[in-house]
Each structure stands twice: as structure tokens, then as C-alpha cells.
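Following: one structure in C-alpha cells, then a few remarks.
Just so it is clear, the structure is predicted and the values come from calculations on it, not from any experiment.
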Amino acid sequence: MSKIKKILAANRSEIAIRIFRAAEESGIRTAAIYSKEDRFALHRFKTDESYLLDKKKGPIQAYLDIDSIIKIAKEAEVDAIHPGYGFLSENPEFAEHCEKNNIIFIGPNHEILIKLGNKTEAKKVAEQANVKTIPSVLVTNENKKNLKVEVDKIGYPVIVKASWGGGGRGMRVVKSSSELLDQISLAQSESKKAFGKDDVFIEKFLEDAAHIEVQILGDKYGNVVHLYERDCSLQRRHQKIIERAPAHFLDETIRQKICDAAINIGKHVNYFGAGTVEFLLNKETKEYYFIEVNPRIQVEHTVTEEVTGI
């Protein structure tokens, strides 16, 4: 692989600045993009070059415009694009567009993102890797009529989740069948605005479970390692408020099993780059269940950075 000389951060604010910092420490030039609303944002001034996105697009939609970002990247003659988190970071179409235009996508390739960026596909990967998952059903136009019957089989309460993206967006807890369809519509609308896709699925809601995530790193030679776990159980509206490492309540046996499960899932798809594998732990039975993979850097990587120095 040729040496990267210039990186474009396809994101804004904190994560864009962290990308620029890492690039500068490695002697790599950087380029920023910004919407018209972000013309005074700090990330514009922490980079070597900055480029305005489509003026007609809103403050979120501008950063979801694949064609515009690729056009800027080619004009700026960048070697690589780092997607950060959110926006297009888990979008396989974006990764594929980068690959087709001979731009390095800093993260997993589009084939891995198809398998892991979509939560319902990621559950299939986990099952193939012999990691236990939570009962769920995909929401499609075809099955909406029979959806209540399917959800009754799972049992209430359930949670509607966006198939793409994270950050608590597109998630709704449903406690009875009377509110199911309304909550699905709300979740789809929120998901569409945040991630450009309205795919959702329904999963059994585990109350009072611990939320454990394991950060992994993979290279292109088949090696996958973990950087231990983070406890992100303290949440509001399904958004993590405080993360800490390690999860002090895990005994060493459970910790090892969860970390091994994360590595098994990564190896199953030849994962490369940074990523996080997330689990729910039943505090009473100590059973753990795979819920999703974030095939990208996360906001909370800084917690792991403090603990491991990586």
C-alpha cells in the first residue's frame, strides 16, 4: 500500500479534529469539509485545507452527500478518507465509492460494512460465530400486516432499533401491541434523518442489563486483537452518558469469554481497522448476548486510549 500523504475527514467537530491531530503527528496533510452552517466551526481552522459542501443541503444532509464528498476528495487530491463516526462511517456505498475512485477508506471495506454495519446482518454473523443473540424480527413492507403476531412470539417489552448507525437514534421501547406501529414509524423517521436509511428491526428488550462493549483492532493479515472492555450501562434515552474501563463487576472468566466472542466475530469476517463489538449482560444469570458491531472508531475510544495508551 502506498504511503498516505493527505487525508480528508468526512466529518466535523471533535472527531474531525482528532483525525487531524493524529494525521499531523504522522506527518500527513489534512483536508476538512463543512456545511454552510459550520463555516465558523473549529474543525475548519484545525486543518491544512477546507472545502464547502453543497450550500443547498442542510447541516446533516450535507455530510451524507456521497457524490459531493468524493468530488471534493478528488479535486483536493487526497489519498484517503477517514469517515469518523456517525454520518457515512458505516455506509458500504460510501466505502465502495472510495474504493472505485482509488481513495483509501480508513476503516473496513464495503463488504465487511455490508455484514456488520447493518445490525440485522451483524446478528447473522454472530450466530455463525456461535455467539448468542437476542430474539428479533426485521421490519419490512411485506410483513407489517403480520408483525404484531411475530412480536407477540418474542414477548413485550420490545425495542425498535435502526438497522444502520448508532448513538441511540432510531430506538424506541414498546410495551404493548397498541403502540407498536406508531413507534416503528417514529423510529424509521428518526433513522432516515440521521443515517439516510429507514431500515429498522424489533428485538426483545432486556431490562436492567449491563451494556458491555469490546474494542477490537484488526489488520489485513488476519490478526484481530481486543483492547479489553468498556462499561456503558449508564444511559439516558439509549445514549451513553458515562463510559468506564474496565467493567469492575465482571469476573475474569466472563470478561475473557466476552472478549473472545468479540474476536471470534471479527475473525469471522476478516475484520480490519478499529471497531467495537457490543453485548448485553444479564446481571442475574451472567448470560451475555451480542447486540451489534460499530465497524468504526467510537466517541468513547478515548476511554480505551487512557487505559491502554493505544
Inspect the contact between [Y] and [X] and indicate whether a charged nitrogen and a carboxylate oxygen are less than 4.0 angstrom apart.
{"X": "D38", "Y": "R12", "value": "yes"}
{"X": "E229", "Y": "R255", "value": "yes"}
{"X": "K119", "Y": "E203", "value": "no"}
{"X": "K124", "Y": "E127", "value": "no"}
{"X": "E213", "Y": "K240", "value": "yes"}

Under the side-chain contact (heavy atoms from CB on, under 4.5 Å) test, residues paired with [X] that sit two or more places apart:
{"X": "E179", "answer": "V174, K175, S176, Q183"}
{"X": "D208", "answer": "K283"}
{"X": "S68", "answer": "L53, D65, I72"}

Between [X] and [Y], is any pair of side-chain heavy atoms under 4.5 Å apart?
{"X": "E93", "Y": "H110", "answer": "no"}
{"X": "C232", "Y": "E300", "answer": "no"}
{"X": "I159", "Y": "I202", "answer": "no"}
{"X": "N109", "Y": "E99", "answer": "yes"}
{"X": "I104", "Y": "I81", "answer": "no"}
{"X": "L42", "Y": "S13", "answer": "no"}
{"X": "L147", "Y": "V139", "answer": "yes"}

Using the six-membered ring of Y85, assess whether NZ or CZ of R296 lies under 6.0 Å from its centre and within 45 degrees of the ring axis.
->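 Cation-pi check for R296 and Y85: fails.
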Test the K161-F201 pair against the cation-pi criterion, namely NZ or CZ under 6.0 angstrom from the six-membered ring centroid and within 45° of the ring axis.
->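 No, K161 does not sit over the ring of F201.
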Enclosure of F45 CZ (heavy-atom neighbours >12, cutoff 6.0 Å) |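 Enclosed: over 12 neighbouring heavy atoms sit under 6.0 Å from CZ of F45.
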Decide if atom NZ of K204 counts as having more than 12 heavy atoms of other residues, nucleotides or ligands within a radius under 6.0 Å.
->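 Yes.
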Donor-acceptor side-chain pairing of H226 and Q215 below 3.5 angstrom =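 The answer is no; no qualifying pair exists.
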For the residue pair N146 and E150, confirm or rule out a side-chain donor-acceptor distance under 3.5 Å.
->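 No.
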Do [X] and [Y] land in one hydrophobic cluster if side-chain heavy atoms of ILVMFWY residues count as linked below 4.5 Å?
{"X": "L227", "Y": "V277", "answer": "no"}
{"X": "F290", "Y": "I258", "answer": "yes"}
{"X": "V225", "Y": "V307", "answer": "no"}
{"X": "V200", "Y": "L180", "answer": "yes"}
{"X": "V224", "Y": "V131", "answer": "yes"}

Between atom [atom1] of [X] and atom [atom2] of [Y], what is the distance when rounded to the nearest 0.5 Å?
{"X": "Y271", "Y": "N223", "atom1": "OH", "atom2": "CG", "value": "15.0 Å"}
{"X": "H43", "Y": "I17", "atom1": "NE2", "atom2": "CD1", "value": "8.0 Å"}
{"X": "D48", "Y": "L8", "atom1": "CG", "atom2": "CG", "value": "11.5 Å"}
{"X": "E24", "Y": "K46", "atom1": "CD", "atom2": "NZ", "value": "9.5 Å"}
{"X": "I19", "Y": "I7", "atom1": "CD1", "atom2": "CD1", "value": "8.0 Å"}
{"X": "K74", "Y": "I103", "atom1": "NZ", "atom2": "CD1", "value": "7.0 Å"}

Assess whether salt bridge (Lys or Arg N to Asp or Glu O under 4.0 Å) is satisfied between E292 and K123, documenting all intermediate values.
-> CA-CA 7 Å; E292 64 181 280; K123 283 167 78 81; over 6 Å; no
Give the C-alpha distance, both sets of side-chain angles, the deciding distance and a yes or no for side-chain contact (heavy atoms from CB on, under 4.5 Å) between T133 and I291.
-> CA-CA 7 Å; T133 63; I291 50 172; over 6 Å; no
Evaluate the criterion side-chain contact (heavy atoms from CB on, under 4.5 Å) for residue pair V269 and L116; output intermediate values, then yes/no.
-> CA-CA 9 Å; V269 295; L116 296 182; 3.7 Å; yes
Check against salt bridge (Lys or Arg N to Asp or Glu O under 4.0 Å), K132 and E287 | CA-CA 9 Å; K132 193 180 290 187; E287 286 186 287; 2.7 Å; yes
Candidate pair L206 and Y289, rule side-chain contact (heavy atoms from CB on, under 4.5 Å), full reasoning | CA-CA 10 Å; L206 301 183; Y289 304 88; 3.9 Å; yes
Just say parallel, tilted or perpendicular for the rings of Y63 and F87, cut-offs at 30° and 60°.
->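 Parallel: the ring planes of Y63 and F87 meet at under 30°.
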Evaluate salt bridge (Lys or Arg N to Asp or Glu O under 4.0 Å) for K115 paired with E121, printing each intermediate quantity in order.
-> CA-CA 5 Å; K115 293 175 182 175; E121 292 301 312; over 6 Å; no
